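Scroll down for the structure; my scribbles are underneath it.
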Amino acid sequence: METMTFRHTTKGPLAGTKPQAITGVVASGNLEVLLERVLPPDQCTIEIATPVVGYGDVWEAVAADFVARAQPGGLRIAINDGGARPDTVSLRLLQGARLMETGR
Amino acid sequence: MTDWRRQRTARDARIAAGRAHADGKVVAAADVVDLLEAVLRPGDRVCLEGDNQKQADCLARGLSACDPDKVHGLHMVQSGIVLPEHLDVFETGIAKRLDYSYSGPQGARIAKMLYGGQIELGAVHTYLELFARYFIDLTPNVALIAGVSADRAGNLYTGPNTEDTPTVVEATAFKNGVVIAQVNQIVETVPRVDIPGDRIDFVVEADTPFYVEPLFTRDPAAVTETQILMAMMAIKGIYAEYGIRRLNHGIGFGTAAIELLLPTYGERLGLKGRIATNWALNPHPTLIPAIEAGWVEQVHCFGSEVGMDRYIAARPDIFFTGADGSLRSNRAFCQTAGLYACDLFIGSTLQIDLMGHSSTVTTNRVAGFGGAPNMGSDPHGRRHPSDTWMKAGREAQQTGDPALMRGRKLVVQLVETFGDGLVPAFVEHLDALELARTIGLELAPVMVYADDVTHIVTEEGIANLLLCRNADEREQAIRGVAGYTEVGRGRDKAKVEHLRARGIVRRPEDLGIEPLDADRSLLAAKSIKDLVHTSGGLYEPPARFRNW
Amino acid sequence: MSLSWYEASARQRVAALVDAESFEEFVGPEQRAMSPHLPLFDLPRAFDDGIVVGRGRLDGRTVYLAAQEGRFMGGAFGEVHGAKLVGLLRAAVTETPEAVLILFDTGGVRLQEANAGETAIAETMRAIADLRRAGIPVVGLVGGRAGCFGGGGLIAGTCSRLAVSEGGRISVSGPEVIETNKGAEEFDSKDRALVWRTMGGKHRRLAGGADRFCDDTVEAFRAAALDLIGRAPAFDLATLEAEQARLEDRIARFGDCRDATEIWARLGVNDPAGVPALSAADFDGLVAGLEGTTHDAR
Amino acid sequence: MTLAEILASLFPVGHAVAVADGLITGRGPLENRDLAVVGVDGDTPLGIEGALALSAAVLATVRAGGATPVLVLVDSDSQRMSRRDELLGLNECLAHLAKALLLADAQGHPTIGLIYGHSAAGAFIATALATRVLVALPGANPSVMDLPSVARVTKLPLEKLEAMAKSTPVFAPGLDNMVQAGAVQVVLDPAKPLGPQIAALIGEPPSHDARDALGKDRGGRPVAHDIAARVVDAARA
């Protein structure tokens with residue numbers, strides 16, 4: 001297993017008030033994303049636990065693109081990965097952000 | 001005096017030798033080996049019928065059981081290396097030389113045998129290319145084919161899976177060759193004469209029905225959100241924009257997703273009747289919802305698909321069927337239709353390089369080609385216009401007299417940036433190059449050449465290569481949809497944004513598509529069972545695809 | 001469009017099964033009650049260890065729910081997973097909800113935590129017996145992709161009532177396990193039609209192994225749960241003696257059958273081969289006309 | 001110990017316990033009272049007929065009333081793996097046996113499990129693990145699955161699993177690990193007569209299911225007890 005944490009500063013907080021959300025399932029090629037609104041409004045952390053070692057730079061790129069796009073200020077995001085492809089990771093992160101914004 | 005009938009005389013002798021093991025034309029399954037040993041001569045060119053679907057498996061078993069002292073040094077000229085017996089004959093010396101097309105299931109073993117020098121390889125062909133050579137320089141001495149039933153005179157009913165049979169028989173029977181057919185059943189009268197009896201010399205009643213692989217069955221339950229997103233982009237960004245009505249789909253979950261989105265997402269976009277009406281396509285079960293929703297005008301098939309026969313027979317307005325009601329497929333005609341009469345081919349691949357060459361070869365597998373390169377190529381012999389073809393042609397070349405500008409076929413690669421096991425689909429160099437070096441092939445096995453591919457669709461976006469004006473633009477366009485692969489991360493971001501401004505690279509949002517809307521609820525069928533229900537119970541899926 | 005039970009995640013099933021917004025999770029994912037053992041095997045963990053437990057309302061009535069996530073480790077019972085279920089059942093004994101619903105989706109014991117999983121299954125069965133004796137119905141719902149196998153099959157057999165959909169499978173040994181141990185002649189696990197005939201929802205319902213057959217939608221399972229809660233058999237000597245007689249009678253009548261279709265024919269089904277193709281409504285109609293499929297001997 | 005040795009030690013004055021097709025049924029005198037005995041001997045797989053034969057014996061004891069304890073002796077294989085057993089509802093038959101034991105216990109017939117040989121998977125759950133108190137004799141070998149099979153399913157090398165088994169009781173087969181998990185309460189002393197040892201257990205049954213607490217104390221199930229308690233607390237909050 002490999003773990004890593006990325007810390008980002010955002011322009012502001014993510015919209016919405018939902019305190020917590022979870023999306024996805026830990027399965028082969030899939031992942032779960034837990035989002036908690038517990039950080040200062042311009043901070044975001046993304047913690048990752050993955051059984052696939054050696055893809056740190058890809059995770060870093062995916063996380064940075066997600067933060068740039070969603071501006072998820074205030075969120076502590078934790079990922080349990082089951083060997084998902086980067087595009088699936090992006091999709092789940094965006095799904096999670098939408099859940100936190102809209103409550104849907 | 002010149003003897004102009006030597007081949008005819010030799011043929012008569014072979015048939016006479018074979019008759020000793022036959023009752024008229026009919027041979028018992030138990031006597032197959034004796035028959036083959038009597039008819040075959042060392043060094044013969046032999047076509048053992050089999051492709052990616054049906055297999056003359058009883059005859060394949062018989063051939064591999066022949067005595068190598070009697071039967072050896074054969075030159076196999078056949079579409080598919082699919083059954084273990086197809087390669088066993090090279091291990092025993094029964095066969096020596098090989099010209100073929102497709103070797104999906106035996107890809108790893110054939111690579112090993114090629115490397116080990118057990119097979120003298122002529123070439124790996126496309127289907128049409130190999131069929132063409134049957135009539136020029138690879139004409140079989142003996143053809144071993146498969147049909148559903150025959151009468152005692154040899155009249156053959158090939159059933160829904162006619163596939164290669166007429167082509168192989170024409171090449172063999174009309175050039176002094178011997179044709180041996182295995183059939184599931186000898187009958188009084190065949191339901192439909194697909195091959196006249198005077199072209200069939202021996203009929204073997206096989207111990208089991210010939211095998212057909214359900215290669216074109218894709219379970220909707222396995223379609224992912226990513227594949228749905230890509231299908232949405234293909235429909236909105238390519239099918240709708242070019243008004244594609246005449247098309248072929250390669251095998252894969254991506255194309256299955258497109259088929260399953262037509263009656264839902266396509267309907268919502270108002271595209272019914274404007275796209276995807278006329279097909280060169282096997283009877284994909286995933287096309288059932290679109291057919292039932294009235295999207296499809298007609299479908300011509302290379303072969304049938306296991307479990308689809310009752311459905312096809314009940315939809316003669318859509319499919320080509322005989323007077324008896326069953327499907328009439330024909331691989332050579334359908335490949336030709338895919339090549340010349342379709343405006344789009346869309347399929348998947350395992351690797352794409354920076355120029356856009358694609359290949360399904362990995363370092364230790366030779367899968368062959370089948371028909372994809374025929375349909376996935378721009379036919380320079382085409383002369384009839386269509387709006388789609390002309391629009392693509394205008395995008396490709398912008399100067400010159402319009403009346404002298406040929407159109408372009410759309411050849412689309414639908415590919416997820418990472419494959420199974422996080423293997424990237426975008427690479428600097430194709431594994432095919434390494435393989436060609438390793439086993440000494442003159443040509444690297446490229447599935448679709450860069451100059452034929454017009455669009456690449458990934459989950460990140462669409463690259464329109466027609467609009468690229470130089471090699472650098474092309475490379476950046478490809479990198480620009482290559483996602484988080486090394487190739488993708490190696491992009492020049494400014495150049496890619498510039499290409500995006502010109503519409504060469506398009507993101508989902510550029511197409512008005514929200515990636516989070518790519519949901520399985522969009523699928524017109526979510527399971528094989530849904531397909532059965534949609535077909536009104538006419539589709540009968542193989543047991544391995546059932547969960548009820 | 002109705003949500004497919006088979007396709008939905010455990011969380012989606014729970015959220016859609018109960019009255020809107022009424023679900024309250026116990027020891028939720030934010031508490032990170034994860035397996036302490038999976039990292040030893042280099043395997044990823046889940047924040048909820050593959051099971052969601054909590055309280056919700058069903059037509060206004062308070063129920064406890066546990067939902068297994070069949071896609072995480074095959075929904076198998078690990079230490080935390082099992083303990084969450086056991087805790088829920090024990091809480092129900094004292095808190096007396098109107099029912100407990102177990103949304104099965106499990107391959108059985110998680111081998112990496114086998115002893116903990118196996119023991120948790122035994123604890124679960126004892127807790128269910130306690131609940132049933134206290135008059136609280138325990139209703140099992142089976143329709144997930146992992147089915148209900150191994151110890152999960154035994155827990156299902158301990159419930160007051162069971163609802164199953166066509167895709168749901170209930171069995172002890174899985175087809176692959178039987179094939180691995182006894183050979184493909186005994187059980188060809190790739191013959192999926194055979195698999196479903198032998199242990200799928202329709203066979204279990206016809207043979208009396210389940211009390212209700214559902215369409216593969218959350219609505220159908222909700223309706224089934226509401227119905228079954230209202231007619232739970234007592235857990236007493238009379239019920240178990242009736243079950244003893246019911247199971248002995250089954251073996252006496254069908255013990256020589258090789259295939260489910262033979263059993264269905266003896267049950268009085270006119271067209272056994274047509275059963276797999278029947279819609280839920282038609283199948284319910286068929287079941288209603290057969291004796292012995294609906295009973296209180298459980 | 002063999003079954004005969006166990007019965008001799010339990011019932012020095014004789015008994016009416018018989019074994020047929022690997023199934024044990026009967027009774028014997030234990031300290032002035034009757035003890036009902038059921039079980040599986042000889043590493044026999046437990047199928048539908050076997051499960052129903054044992055459950056019938058247990059229910060007969062319940063029907064007879066009184067407070068006759070039930071002793072479940074186990075040296076079984078796993079559940080019988082066959083298409084026929086599953087077709088006819090093995091899950092119901094095994095669950096029925098377990099329910100019969102749970103009912104007996106709840107109605108005042110203390111249930112004691114004694115594992116003296118092998119047992120595994122569904123057979124283990126339906127018999128020994130369905131009793132109020134499960135004890136073992138040295139040499140017993142309960143398991144969920146043997147290590148070579150675990151290696152096959154988890155795709156881990158057998159040597160690695162064997163090494164892990166030494167330090168990780170939660171997954172490794174064997175009596176010690178089941179004791180640590182709390183599933184087996186105590187290992188009896190074969191050198192002493194078994195009758196008094198069993199009688200003592202019957203006399204002081206645990207009032208509730210304490211297996212997870214034992215597992216915590218012994219280290220074989222480090223978190224189960226606390227997790228279950230947290231769920232209970234959350235439900236009461």
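Reckoned from all heavy atoms, side chains included, excluding hydrogens, waters and symmetry mates. In what follows, chains are A, B, ... by sequence order, proteins preceding strands, each numbered from 1. None of these values were measured; they are calculated from a predicted model.
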**Request:** Specify the closest pair of heavy atoms between C/Tyr6 and B/Asn547, including all atoms of both residues, with the distance to one decimal.
**Result:** OH-ND2, 3.4 Å
**Asked** Taking everything shown except B/Glu514 itself, do over 12 heavy atoms lie less than 6.0 Å from its CD?
**Response** yes
**Request:** Can you measure from CG (C/Leu194) to CZ (B/Arg546) and round to the nearest 0.5 angstrom?
**Result:** 10.5 Å
**Request:** State whether the number of non-hydrogen atoms from other residues, nucleotides or ligands found under 6.0 Å of C/Asn270 atom CG is greater than 12.
**Result:** no
**Request:** Give a yes or no on this: more than 12 heavy atoms of other residues, nucleotides or ligands lie within 6.0 Å of atom CG of B/Asp420.
**Result:** no
**Request:** Can you measure from NZ (B/Lys526) to CD (C/Glu7) and round to the nearest 0.5 angstrom?
**Result:** 6.5 Å
